[in-house]
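The basis for the numbers below is simple: all heavy atoms, side chains too, and nothing from hydrogens, waters or symmetry mates. Since this is a predicted model, take the numbers as computed values, not measurements. All chains are named by letter (A, B, ...) in the order of the sequence lines, taking the proteins before the strands, and each is independently numbered beginning at 1.
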2 protein chains.
Amino acid sequence: MADQTDFDIRSFLPYLLNQAAEESSLAFQHHYKQRYGMLRTEWRVLFHLGRYGAMTANAIGARSKMHKTKISRAVAALEKKRYLTRQKVETDRRHELLTLTRAGQAVYADLCEVARDYDAQLLAPFSTEEQALLKRALERLAKL
Amino acid sequence: MADQTDFDIRSFLPYLLNQAAEESSLAFQHHYKQRYGMLRTEWRVLFHLGRYGAMTANAIGARSKMHKTKISRAVAALEKKRYLTRQKVETDRRHELLTLTRAGQAVYADLCEVARDYDAQLLAPFSTEEQALLKRALERLAKL
DNA sequence: CCCTAATAGTTGAATTTGTAACTAACAAGC
DNA sequence: GCTTGTTAGTTACAAATTCAACTATTAGGG
């Protein structure tokens, strides 16, 4: 058995990342859950459409790495809430272009505000250089 | 509506953390899943017991912030695999001391090795200073 | 054209997780 | 020593996620 005393699970990167992700997501979840009855998957789909404009479910999957069934169900839920509409693409009728409704855009704008504040709050303890490094490192680890 | 063009979900910290956590956990999961048929919760419980020695389910919960039902089920599964044993504490019979069996220790030793390598691999692209900063930042975000 | 393969998206069943209610053991106040 | 409250851990049920199979549509030979 190799020497394990110097290896602590609490500094194991995947573990740390999970803890940090869990902690930060949980605190933010309150906003979209309480105010709009949305799930994390729904919030993510909404956010992608709000930020990048109309796109297909498949495109959202490529960007977010969410599984297509998750997206499919989130889209159905958002449609039911009348936050988005679907439209078949005429050139390839397998694709459905998803577009936020006015109501969807309003929710996006509201949550965007909250997200920005929360992000700033999370980053506040770090210097500008540290923030930049942290984000670069995370992007690299996420293989974005 | 506030100006949103400068706010990108892809640099929203909870989102980035989730992506990075997902990516890094997924790659590692292969080892304990494929080789030992364990779930993430089981792996974590095993790792805590391996690293810190016998303790109660409650103590694991305090350290890992896992919910007690998750731990309860993970412990039951690990017991079934004969990787740990339970023992009532005589001074307070509500507590159960969890101890890795020889088999459990062997699995821990094996996975510990893999985890260490994988951790090193994940951190390789970063300088020593960057690594330290990254871990400190994550610990802070995780409120550890 | 027709047959096969590939892609977008959906659905159902099996797993996994979260919530809340539960049992069992202890502790403290009266 | 009985009632009330608290803690460790389990379990039942509901909600969410994953996996695999499915439909519908397009693309590419032959």
Go through it in stages, so that I can follow the logic: the residues are A/E79 and A/L98, the test is side chain to side chain contact (heavy atoms under 4.5 Å, CB included), and I'd like the CA-CA distance, side-chain angles, deciding distance and then a yes or no. CA-CA 9 Å; A/E79 189 184 28; A/L98 305 169; over 6 Å; no
Are any of the side-chain heavy atoms of A/T101 and A/T85 separated by less than 4.5 Å? yes
B/K70 NZ to D/dA16 P, in whole Å, measures 15 Å
Rounded to the nearest Å, what distance is computed from the NZ atom of residue B/K68 to the P atom of nucleotide D/dA12? 16 Å
Short side-chain N/O contact to D/dT18 OP1/OP2 from A/T69, under 4.0 Å: no
For the pair A/Y118 and A/F28, name the ring-plane relationship: parallel under 30°, tilted 30 to 60°, perpendicular over 60°. parallel
Select from B/K33 and B/T91 the residue whose nearest nucleotide in DNA chain C is closer to the 5' end of that strand. B/K33
Does OP1 or OP2 of D/dT10 have a side-chain N or O of B/R86 closer than 4.0 Å? yes
Considering heavy-atom distances to DNA chain D, does B/R73 or A/R93 have its closest nucleotide positioned more toward the 5' end? B/R73
Taking the cut-offs as 6.0 angstrom to the six-membered ring centre and 45 degrees off its axis, would you call A/R63 and A/Y52 a cation-pi pair? yes
Counting only heavy atoms not in B/K65 (residues, nucleotides, ligands), do more than 12 fall under 6.0 Å from its NZ? yes
note: B/L39, atom CG; D/dA16, atom P; distance rounded to Å ~ 20 Å
Reading DNA chain C 5' to 3', which nucleotide is the first, and which the last, to come under 4.0 Å of any heavy atom in chain A? C/dA6 to C/dA13
From CA spacing to verdict: side chain to side chain contact (heavy atoms under 4.5 Å, CB included), B/Y32, B/E42: CA-CA 9 Å; B/Y32 54 79; B/E42 296 171 41; over 6 Å; no
Counting only heavy atoms not in B/K88, do more than 12 fall under 6.0 Å of its NZ? yes
Identify each atom pair where a protein N or O and an N or O of nucleotides 1-4 of chain D are less than 3.5 Å apart, giving names and distance.
none

Without decimals, in angstroms, what is the distance between A/N58 CG and D/dT26 C1'? 14 Å
Using the side-chain contact (heavy atoms from CB on, under 4.5 Å) definition, which of the options A/L141, A/L16, A/L133 pairs with B/L134? A/L141
Closest-nucleotide 5' rank along DNA chain C - winner of B/R40 and A/D92: A/D92
